[in-house]
Amino acid sequence: AMQLISPMHNAVLRNNIFRSNGYAFEEVPTGSTGNDWNYNNWHTTRGSGVPHFKWEDVDYNSIAALCAATSLECNGYEDSPALTNPSGGDFTLLVSSPNIDRGVLIPGINDRFTGNAPDVGAYEFDPPPRVLSSLRADTDPTNAASVNFVVTFSAAVTGLDVLPPFDDFGLATSPGITGASITSVSPVSETS
């Protein structure tokens with residue numbers, strides 16, 4: 001993920017995700033000073049039993065061993081980052097990502113986080129709105145030609161429609177009902 005070709009001085013690294021199939025980071029030159037690296041996700045597919053880190057030309061098999069010897073990344077970790085589609089350029093976090101709420105606050109950089117803490121990586125996880133309720137708005141639509149419902153979401157939504165290819169609503173009917181369809185969507189509020 002990172003290979004240093006010269007000593008590094010006074011670098012601060014926070015809340016980054018690094019992925020590699022070799023060393024998570026490799027520094028063969030010696031003489032680095034004043035570095036403060038912590039709270040980063042260093043993931044390598046290199047496997048267990050082989051060094052994951054090389055610092056000052058010394059191998060370390062784990063982040064715990066690296067921390068004990070160098071004081072680097074004592075709150076760092078080696079989890080698989082669970083990114084949406086990195087090979088396709090989508091580095092957003094999946095709902096299963098260990099990087100959600102795991103970062104540290106960097107004033108002026110990640111103040112506007114969602115959840116309990118900033119996320120690690122370039123993107124803050126932003127879950128899609130959930131449907132909180134779908135309630136019939138009409139009093140007794142048993143014989144009505146059309147029925148109205150109010151759908152309430154967990155967050156503001158925009159751009160909902162019923163037209164293909166981006167149908168935002170689906171319709172499930174009871175057996176024997178034919179010809180039913182959703183004909184329109186009208187906003188009531190930002191969340192309804």
Side-chain angles (χ1 to χ4, degrees), residues 1-130 153-159 165-166 168:
M2 184 167 61
Q3 185 177 38
L4 304 171
I5 60 172
S6 62
M8 181 175 277
H9 305 284
N10 305 316
V12 177
L13 295 177
R14 294 285 189 277
N15 300 347
N16 299 288
I17 299 171
F18 297 90
R19 294 179 64 205
S20 175
N21 59 3
Y23 282 102
F25 64 77
E26 179 180 15
E27 185 209 33
V28 174
T30 59
S32 289
T33 59
N35 295 294
D36 182 5
W37 299 3
N38 215 349
Y39 297 96
N40 297 294
N41 181 358
W42 297 92
H43 180 283
T44 178
T45 57
R46 198 161 196 210
S48 61
V50 294
H52 288 190
F53 304 93
K54 181 183 284 279
W55 183 252
E56 299 271 304
D57 205 23
V58 176
D59 286 335
Y60 300 96
N61 287 359
S62 69
I63 208 162
L66 174 75
C67 168
T70 68
S71 297
L72 292 174
E73 291 298 345
C74 292
N75 294 296
Y77 50 99
E78 298 184 68
D79 299 331
S80 178
L83 302 172
T84 300
N85 182 11
S87 61
D90 186 350
F91 299 100
T92 56
L93 303 175
L94 294 171
V95 70
S96 61
S97 177
N99 295 300
I100 296 172
D101 293 345
R102 200 156 177 186
V104 293
L105 182 65
I106 304 170
I109 302 294
N110 60 2
D111 306 89
R112 295 184 179 181
F113 62 86
T114 58
N116 297 321
D119 297 339
V120 171
Y123 300 101
E124 183 73 13
F125 178 69
D126 187 19
R130 296 181 335 275
F153 297 92
S154 61
V157 294
T158 59
F166 304 108
D168 294 306

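Here, residue 1 is the first one in the sequence, and each next residue gets the next number.
Relative to the six-membered ring of Tyr39, Arg102 misses at least one condition, a distance below 6.0 Å or an angle of at most 45° to the axis.
Between Leu72 and Tyr60, the closest side-chain pair of non-hydrogen atoms is not below 4.5 Å. In this structure, the side chains of Trp55 and Thr30 stay at 4.5 Å or more apart for every pair of heavy atoms. The shortest distance between side-chain heavy atoms of Asn99 and Asp119 does not fall below 4.5 Å. In this structure, the side chains of Asp36 and Arg14 come closer than 4.5 Å at one or more pairs of heavy atoms. Leu83 has its side chain within reach of Leu93: a pair of non-hydrogen atoms, C-beta onward, lies under 4.5 Å apart. Using a 4.5 Å heavy-atom cutoff, the side chains of Asn38 and Leu13 are not in contact. In this structure the side chain of Val95 reaches within 4.5 angstrom of the side chain of Phe125, judged on heavy atoms. Looking at heavy atoms from C-beta onward, His43 lies out of side-chain contact with Ile17 at the 4.5 angstrom threshold.
Checked against Glu27 for a side chain to side chain contact (heavy atoms under 4.5 Å, CB included), the options Glu56, Met2, Gln3 give a single hit: Glu56.
Heavy atoms only, all atoms of each residue included: Ile109 and Asp111 are closest at N-OD1, 3.4 Å. Counting all heavy atoms, side chain and backbone alike, Ala82 lies closest to Ser96 at CB-OG, 3.9 Å.
No side-chain donor-acceptor contact under 3.5 Å links Asn110 and Glu124.
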Residues 47-54, side-chain donor-acceptor partners within the protein, below 3.5 Å, at least two apart:
residue : atom : partner : partner atom : Å
His52   : ND1  : Glu78   : OE1          : 2.5
His52   : NE2  : Gly47   : O            : 2.7
Lys54   : NZ   : Asp59   : OD1          : 3.0

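Environment of CZ in Arg46: crowded, with over 12 heavy atoms of neighbouring residues, nucleotides or ligands closer than 6.0 Å. More than 12 heavy atoms of other residues, nucleotides or ligands lie within 6.0 Å of CG in Asn85, so this atom counts as buried by the packing criterion. Within 6.0 Å of the OH atom in Tyr123, the count of heavy atoms belonging to other residues, nucleotides or ligands does not exceed 12. Taking a 6.0 Å sphere around CG of Asn21, one finds it holds 12 or fewer heavy atoms contributed by other residues, nucleotides or ligands.
Listed by chain and number, the residues in a side chain to side chain donor-acceptor pair (under 3.5 Å) with Asp57 amount to none (sequence neighbours excluded).
Interatomic distance, SG of Cys74 versus CD1 of Ile63, reported as 8.5 Å (0.5 Å rounding). Between the OG atom in Ser97 and the CG atom in Asp79 there is a gap of 8.5 Å [rounded to 0.5 Å].
The aromatic rings of Trp37 and Phe25 sit perpendicular, their planes meeting at an angle over 60°, well past the 30° parallel limit.
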